[in-house]
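Report on the structure given below.
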Amino acid sequence: MPRPTAAQLVYGTVTVVIATLAMLLLSQTRTGLGVAVITVAALGLGLLVAVTVPVPRPAPAAARTPEVPAERVPLPRMHTGAEVRIESRVGEHSLRN
């Protein structure tokens with residue numbers, strides 16, 4: 001799960017505080033059960049707001065600055081066994097059956 005951004009934390013916190021105060025003032029409840037219900041509702045509303053805040057997306061690959069390619073340095077040529085031809089001579093005479 002990705003970490004929440006600063007904007008999500010701020011919007012969610014502000015929503016919880018304002019919603020709690022507004023509901024407590026409008027309902028004028030004095031019971032513990034009423035305060036608990038309002039608190040849970042405000043927390044749910046704050047979570048909903050924090051989740052729906054748009055998250056910034058990374059720039060598309062075409063919009064990024066192009067990387068400068070490194071200078072290519074030729075590597076020394078290495079010989080494999082298939083490329084090397086070995087001629088064998090035994091003196092001046094060829095071997096026959």
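Everything quoted here is computed from the prediction, not taken from an experiment.
- Val37 forms part of a hydrophobic cluster together with Leu33, judged by ILVMFWY side-chain heavy-atom separations under 4.5 Å.
- The hydrophobic cluster around Leu25 extends to none of the other residues, as no ILVMFWY side-chain heavy atom falls under 4.5 Å of it.
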Check: residues 45-53 side-chain donor-acceptor pairs under 3.5 Å, at least two apart:
from: Thr52; atom 1: OG1; to: Leu48; atom 2: O; distance (Å): 3.0
from: Thr52; atom 1: OG1; to: Val49; atom 2: O; distance (Å): 3.1

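- By the side chain to side chain contact (heavy atoms under 4.5 Å, CB included) test, Thr29 is found to be paired with Leu24, Ser27, Thr31, Val35, Ile38, residues two or more places apart in sequence or in another chain being considered.
- Val17 belongs to a hydrophobic cluster with Leu21, counting contacts under 4.5 Å between side-chain heavy atoms of Ile, Leu, Val, Met, Phe, Trp and Tyr, direct or through other members.
- Here Ile18 is tied into one hydrophobic group with Val10, Val14, each link being a pair of ILVMFWY side chains closer than 4.5 Å.
- In plain terms, the two heavy atoms of Thr20 and Ala42 that are nearest each other are OG1-CB, 3.0 Å.
- In plain terms, the two heavy atoms of Arg3 and Gln8 that are nearest each other are O-OE1, 4.5 Å.
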